[in-house]
Amino acid sequence: TLSDFDPQEKEMGHSLSLSVAHLEWARHWINLLDTPGLPDLSGRALAALPAADTAAVLISAQSGIESGTRRMMAASADKCRLIVVTRIDGNGTDFEALMESICDAFGRQCLPINLPTPGGEAVIDCFFEPAYDAVPAFSSVQAAHNAIVDQVVELDEELMAAYLEQGESLDPEQLHDPFEKALREGHLIPVCFVSARTGAGVRELLD
């Protein structure tokens, strides 16, 4: 609603050119480079990559992985990446099958950092403050949390020893630095679920 300001973009419901926006969140200044998602305009999206620190690649929960998705994931392989699954409030989405196709296409380092509720009206945090008693649309909060921690501690021998040998629980503060390192090295690609229409998952994505 902000970056697609051109009348033709509003009429088509798609971005046609790169636009820049910004926001402040949790005392951080975030610059957003919104690029077209249409395959015919992928050149304009690729041109923005050198200026970006992190690539957020969007996948529609209804359409699934498309050719443009694969191209952007490949082109951004040298950057921190996250996958944002949009339109989770749509009907009939098989989230488990979609997550499996994401892992098949881009590797088992793609791990959900939150999970949608069965109707897609909200998401359940699996990392910062996991609600272990919540029932997601697929998998479980405990399984998702364990998978993220297992992936992150691989890059920190001290944390791994505490986690595996002593059975200590780890809080997000302990995992912050290895989490960041895992992102930089492509050892982790977080998957976030959102709905732009309802706002579900947007706050969790920003966190």
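Please read all numbers here as calculations on a predicted model, not as lab measurements. As a basis for the values below, the full set of heavy atoms in this structure was taken, side chains included, without hydrogen atoms, waters or symmetry mates.
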For this session: Give the cluster check for Val84 versus Leu49: same hydrophobic cluster or not, with ILVMFWY residues linked at side-chain heavy-atom distances below 4.5 Å.
Result: no

Seminar exercise, completed: For Lys79 and Asp53, the nearest pair of non-hydrogen atoms, with its separation, is CB-O, 4.0 Å

Problem set entry | Where Pro36 and Ala45 come nearest, the two heavy atoms and their spacing | O-CB, 3.8 Å

Exercise. Considering only heavy atoms from C-beta outward, does the side chain of Leu183 approach that of Pro190 to under 4.5 Å?
Worked result: yes

For this session: Report the distance from atom CD of Glu154 to atom CD of Glu185, rounding to the nearest 0.5 Å.
Result: 11.5 Å

Exercise. Short question: side chain of Arg81, backbone of Val57 - any donor-acceptor pair under 3.5 Å?
Worked result: no

Problem set entry | Approximate separation, where rounding is to 0.5 Å, of Leu175 CG and Leu159 CG | 6.5 Å

Problem set entry | Residue pair Glu204 / Phe128, side-chain heavy-atom distance below 4.5 Å | no

Seminar exercise, completed: From the list Ile102, Leu58, Thr69, Ile113, side chain to side chain contact (heavy atoms under 4.5 Å, CB included) with Ile83 holds only for Ile102

Exercise. Side chain of Glu121, backbone of Ala200: donor and acceptor closer than 3.5 Å?
Worked result: no

Exercise. When rounded to the nearest 0.5 angstrom, what is the spacing between CG in Leu188 and CD in Glu180?
Worked result: 12.0 Å

Problem set entry | Ser195 and its side chain to side chain contact (heavy atoms under 4.5 Å, CB included) partner, picked from Val85, Val123, Val202, Asp89 | Asp89

Exercise. If we only count heavy atoms from C-beta on, is the Met72 to Leu46 side-chain gap below 4.5 Å?
Worked result: yes

Problem set entry | Inter-residue atom distance Ile59.CD1 - Leu98.CG, 0.5 Å rounding | 6.5 Å

Problem set entry | Nearest-0.5 Å distance that lies between atom CG in Asp133 and atom OG in Ser140 | 12.0 Å

Exercise. Distance from Thr54 atom OG1 to Asn31 atom CG, nearest 0.5 Å?
Worked result: 11.5 Å

Exercise. Can you hop from Leu32 to Leu206 via hydrophobic side chains spaced under 4.5 Å?
Worked result: yes

Seminar exercise, completed: Pro116 and Ile88 have their tightest heavy-atom pair at CB-CD1, 4.3 Å

For this session: Tell me, yes or no, whether the heavy-atom count around Asn91 atom CG, taken from other residues, nucleotides or ligands under 6.0 Å, exceeds 12.
Result: no

Exercise. So with a 6.0 Å cut-off around CZ of Arg203, is the heavy-atom count from everything else above 12?
Worked result: no

Exercise. Side-chain contact, heavy-atom cut-off 4.5 Å: Val191 with Leu82?
Worked result: no

For this session: State plainly whether one hydrophobic cluster holds both Leu115 and Met99, where clusters connect Ile, Leu, Val, Met, Phe, Trp and Tyr through side-chain heavy atoms under 4.5 angstrom apart.
Result: yes

Exercise. For the side chain of Asn114 and the backbone of Phe193, is there at least one donor-acceptor N/O pair under 3.5 Å apart?
Worked result: yes

Problem set entry | Polar contact flag, side-chain donor to acceptor under 3.5 angstrom, Ser139-Glu96 | no

Problem set entry | Arg70 and Ile65, any side-chain heavy atoms less than 4.5 Å apart | yes

Problem set entry | Heavy-atom closest contact (Val141 atom, Ala131 atom, distance) | CG2-O, 3.5 Å

Exercise. Is there a donor-acceptor pair under 3.5 Å between the side chain of His187 and the backbone N or O of Gln151?
Worked result: yes

Exercise. For Tyr163 and Val153, which heavy atoms make the closest approach, and how far apart are they?
Worked result: CD2-CG2, 4.0 Å

Problem set entry | Side-chain heavy atoms of Ile189 within contact of Met73, under 4.5 Å | yes

Problem set entry | Test ring pair (Phe, Tyr, Trp, His ring centres under 6.0 Å) applied to His28 - qualifying residues, sequence neighbours left out | none

For this session: Please list, chain by chain and in numerical order, all residues satisfying ring pair (Phe, Tyr, Trp, His ring centres under 6.0 Å) with Phe127, sequence neighbours excluded.
Result: Phe179

Exercise. Where do Gly90 and Gln62 come nearest, in terms of heavy atoms and distance?
Worked result: CA-NE2, 3.4 Å

